[in-house]
Number of protein chains: 2
Amino acid sequence: MSRASDRAYSAIRNMILSGELPAGAQLGEEALAEMCGVSRTPVREALRRLEADMLVGRTDTQRTFVADWSINDVADAFELRAMLEGRAARRAAERMSDAALARIRNANRALATAIQQPSPDVAGFLEGNREFHAIILEVAGSRRLAALLGTLIEQPVVLRTARHYTREELRRSHAEHEELTAAFARRDGAWAEAIMTSHILRAYHAYADAHRARIDAGMTQEAAE
Amino acid sequence: MSRASDRAYSAIRNMILSGELPAGAQLGEEALAEMCGVSRTPVREALRRLEADMLVGRTDTQRTFVADWSINDVADAFELRAMLEGRAARRAAERMSDAALARIRNANRALATAIQQPSPDVAGFLEGNREFHAIILEVAGSRRLAALLGTLIEQPVVLRTARHYTREELRRSHAEHEELTAAFARRDGAWAEAIMTSHILRAYHAYADAHRARIDAGMTQEAAE
DNA sequence: GACATGGATATTGTATACAAATGCCATCGG
DNA sequence: CCGATGGCATTTGTATACAATATCCATGTC
């Protein structure tokens with residue numbers, strides 16, 4: 001992470017995810033280099049990685065810009081993620097060791113703690129959630145699958161709406177994690193896959209509902225935050 | 001494609017797929033630059049792309065080498081490809097226009113012609129096959145899905161064994177394409193998905209059988225070619 | 001003889017200069 | 001006034017020089 005190209009990648013990525021660089025904005029290499037305090041070479045590398053993540057796009061003449069995620073793109077990403085994480089859960093259940101199961105239970109406990117605070121600890125929830133899914137991906141034991149999911153896990157719009165989660169949504173998410181853990185304990189791949197697919201698609205519809213609500217209220221996406 | 005980085009990408013890629021650069025070989029940037037007739041800058045870009053394709057790997061100290069695909073890696077890639085192409089076929093069936101259906105039928109006719117030659121035209125078959133799958137992916141209308149499949153379609157070992165296909169295998173592949181076309185004509189997504197998944201998995205097992213036969217004969221993978 | 005150490009060698013990372021291309025805008029002709 | 005054209009400004013692409021880091025091998029020590 002100490003390399004200039006990694007710093008550039010993180011910096012630009014954060015600026016996109018935070019909305020500091022709005023969708024559609026042109027990304028000049030020179031300007032980004034100055035912002036990141038590095039030369040154009042590592043910036044170019046960072047931009048290529050972000051392009052692979054589909055966080056930035058490219059015109060037919062090689063101009064780079066912040067990708068604009070339409071509601072269809074979000075639906076698309078969720079659909080694929082549901083399928084791939086479902087497959088990961090199936091494989092994980094079939095390969096689950098007692099040690100890994102213990103780690104998953106641990107991550108779930110941390111998650112439960114986070115949502116039981118007087119005012120829910122969203123950052124803690126997200127971290128526990130990330131850990132939970134990471135362990136599953138690790139146990140699934142497919143580098144390919146992990147690579148494919150890598151580009152799908154963090155979507156700009158979704159991360160930005162995470163802190164609007166209600167306590168009820170957090171509690172429900174945790175309950176689904178518990179059910180998944182039960183499927184893992186039984187080494188039931190089909191069950192695990194079904195729960196995981198449902199888990200992701202429910203999250204999608206929660207997002208889509210919130211999105212529609214904002215539209216109906218006549219608010220722009222930015223103003224709603 | 002006229003850019004130096006694109007030429008470097010194609011050149012290195014071909015050297016890997018052809019086996020000229022064997023699995024495990026170290027890839028020095030300087031040496032590759034000389035081979036491709038460009039400087040290190042575009043070579044570095046090409047290597048990053050190949051890394052995303054998982055055709056090359058990287059040591060913990062940033063040394064690049066030709067990825068070594070174990071039989072498990074191949075199985076992994078096929079399993080994911082079966083799932084993703086299956087999904088693509090489902091989406092394509094649900095979105096199929098009459099014009100696109102005509103194009104698919106056309107690609108199939110070209111494919112039929114190729115395998116009916118006195119001595120099967122494997123190159124022609126592969127091109128028709130590529131076109132067929134490309135149209136499906138286009139009709140599926142998911143840029144994400146296309147991007148994910150992009151890294152899965154061309155596996156080194158599989159391409160190298162393609163020319164050993166028997167006429168019977170080619171004929172069977174064509175028959176499956178015909179059946180897929182029927183599913184598209186009915187706009188039956190579930191049917192299309194099932195055929196496509198089966199199509200890919202059958203191809204995998206044909207490959208795995210051939211691979212096992214080579215092992216049993218005490219031949220190395222290279223010697224078998 | 002095995003292993004640690006240090007420095008020479010090779011390789012990768014970054015900055016910068018320059019080349020090529022793209023976009024912009026003023027000018028000109030209709 | 002509208003659109004085409006040409007040249008200037010900006011941006012991206014490539015080469016190269018240099019810096020940082022890793023590898024390798026010889027040497028010395030136990």
Side-chain angles (χ1 to χ4, degrees), chain A residues 1-16 19-68 143 147 150-151, chain B residues 1-16 19-68 143 147 150-151:
Chain A
M1 181 56 97
S2 68
R3 281 183 170 66
S5 63
D6 292 330
R7 276 182 291 134
Y9 175 78
S10 297
I12 299 169
R13 193 164 174 286
N14 287 337
M15 287 191 281
I16 292 174
E20 186 178 339
L21 289 171
Q26 289 280 348
L27 297 173
E29 296 175 356
E30 194 79 50
L32 292 173
E34 186 144 356
M35 284 187 218
C36 301
V38 298
S39 77
R40 273 180 55 216
T41 308
V43 166
R44 284 173 64 81
E45 229 181 86
L47 286 177
R48 291 297 161 92
R49 285 166 64 187
L50 291 163
E51 194 184 347
D53 295 345
M54 296 187 80
L55 285 177
V56 309
R58 206 169 261 273
T59 68
D60 54 350
T61 65
Q62 307 299 99
R63 255 67 174 177
T64 318
F65 56 91
V66 179
D68 190 4
R143 291 194 355 268
T151 69
Chain B
M1 178 57 94
S2 68
R3 281 183 170 68
S5 63
D6 292 330
R7 277 182 291 135
Y9 175 78
S10 297
I12 299 170
R13 192 164 175 286
N14 287 336
M15 288 191 279
I16 292 173
E20 188 178 339
L21 290 171
Q26 291 280 346
L27 296 173
E29 296 175 356
E30 194 79 50
L32 291 173
E34 185 143 356
M35 284 188 220
C36 302
V38 299
S39 78
R40 274 180 54 217
T41 309
V43 166
R44 285 175 63 83
E45 229 181 85
L47 285 177
R48 290 296 159 88
R49 283 166 65 186
L50 291 164
E51 195 184 347
D53 294 346
M54 295 187 83
L55 285 177
V56 310
R58 208 168 258 273
T59 69
D60 53 349
T61 65
Q62 306 300 101
R63 254 68 174 178
T64 323
F65 57 91
V66 179
D68 190 4
R143 289 194 358 266
T151 69

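Within every chain, numbering begins at 1; the chains are lettered A, B, ... in the order of the sequence lines, protein sequences first and strands thereafter.
- Separating the CZ atom of B:Phe65 from the C1' atom of C:dT11 is a distance of 16 Å, rounded to the nearest angstrom.
- One atom, CG of B:Leu32, and another, P of C:dA10, lie 17 Å apart when rounded to the nearest Å.
- Residues A:Arg3 and B:Gln62 form a side-chain contact, since some pair of their non-hydrogen atoms from C-beta on lies under 4.5 Å apart.
- Put simply, B:Gln62 has no side-chain N or O that comes within less than 4.0 Å of OP1 or OP2 on C:dT11.
- Considering only the side chain of B:Arg58, C:dG13 comes nearest among C:dT14, C:dT16, C:dG13.
- Residue-level contact check: A:Leu47 touches neither bases nor backbone, having no heavy atom under 4.0 Å from any strand.
- Rounded to a whole Å, the CD atom of B:Glu29 is 15 Å from the P atom of D:dT16.
- A residue-by-residue look at A:Thr41 and A:Thr61 shows that A:Thr41 has its nearest nucleotide of DNA chain C further toward the 5' end.
- Smallest separation of non-hydrogen atoms from B:Val38 and B:Ala8: CG2-CB, 4.4 Å.
- Between A:Ser39 and A:Arg63, the one whose closest nucleotide on DNA chain C sits nearer the 5' end is A:Ser39.
- Comparing D:dA15, C:dA15, C:dT22 by their nearest atom to the side chain of A:Pro42 picks out C:dA15.
- Atom-to-atom, CD of A:Glu45 to P of C:dT14 comes out at 7 Å; the value is rounded to the nearest Å.
- Whole-Å rounding puts the A:Arg44 CZ to D:dA15 P distance at 12 Å.
- In this structure, the CZ atom of B:Arg40 is 7 Å from the P atom of C:dT12, given to the nearest Å.
- The CZ atom of B:Arg7 sits 13 Å away from the P atom of C:dA20 (whole-angstrom rounding).
- In terms of heavy-atom proximity, A:Thr64 sits nearest to A:Gln26 at O-OE1, 3.3 Å.
- To the nearest angstrom, P of C:dT12 lies 14 Å from CG of B:Asp60.
- Side chains of B:Arg48 and A:Arg48 form no contact here, defined as non-hydrogen atoms less than 4.5 Å apart.
- Remark: B:Arg13 does not engage B:Asp6 in a salt bridge, criterion side-chain N to carboxylate O under 4.0 Å.
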